Amino acid sequence: MDLIADILLVAGALGAGFYCYILARRLSRFNDLETGVGGAVAVLSAQVDDLTRTLHAAQTTASDSTQSLDGLTERAESVAKRLELLVASMHDLPGEEQSRNAATMTPAPRDGPVFHRHPQSDDAGRVS
């Protein structure tokens, strides 16, 4: 009986050893960096690093663009205020028809004497 128990024990140990050998081969193929999951993990890790750098660069660019747009918006608002003031001041000017009518109108005759100053000339006839 002891002999049968020893044979079964050795057979069980050999079976467990063979099973471990098969699992070790499968695990080495699974973790292979070329074709297995290990390669996929390495590729994904590199892609995560690239995406992190790209995201950081995009955030920096967005921050710079935001600051630039803030400055441009402030300039646009100040120019808009100046334009509003110019348009408001244009309402105080006479219209085109009023200015044309004023230019074609002859002055009304005045009652009383009208004085007209003649330019002074020197002895050579030059007007000074």
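The structure presented is a predicted model; accordingly, all values stated were derived computationally and were not measured.
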Distance, nearest 0.5 Å, that separates [atom1] of [X] from [atom2] of [Y]:
{"X": "Glu84", "Y": "Leu86", "atom1": "CD", "atom2": "CG", "result": "10.5 Å"}
{"X": "Thr54", "Y": "His56", "atom1": "OG1", "atom2": "NE2", "result": "11.0 Å"}
{"X": "Leu9", "Y": "Asp2", "atom1": "CG", "atom2": "CG", "result": "11.5 Å"}
{"X": "Leu44", "Y": "Asp49", "atom1": "CG", "atom2": "CG", "result": "11.0 Å"}

State, with a plain yes or no, whether a side-chain heavy atom of Leu23 is found less than 4.5 Å away from one of Leu27. no
[Y] backbone acceptor or donor facing [X] side chain under 3.5 Å:
{"X": "Ser68", "Y": "Asp64", "value": "no"}
{"X": "Ser45", "Y": "Val41", "value": "no"}
{"X": "Thr66", "Y": "Ala62", "value": "yes"}

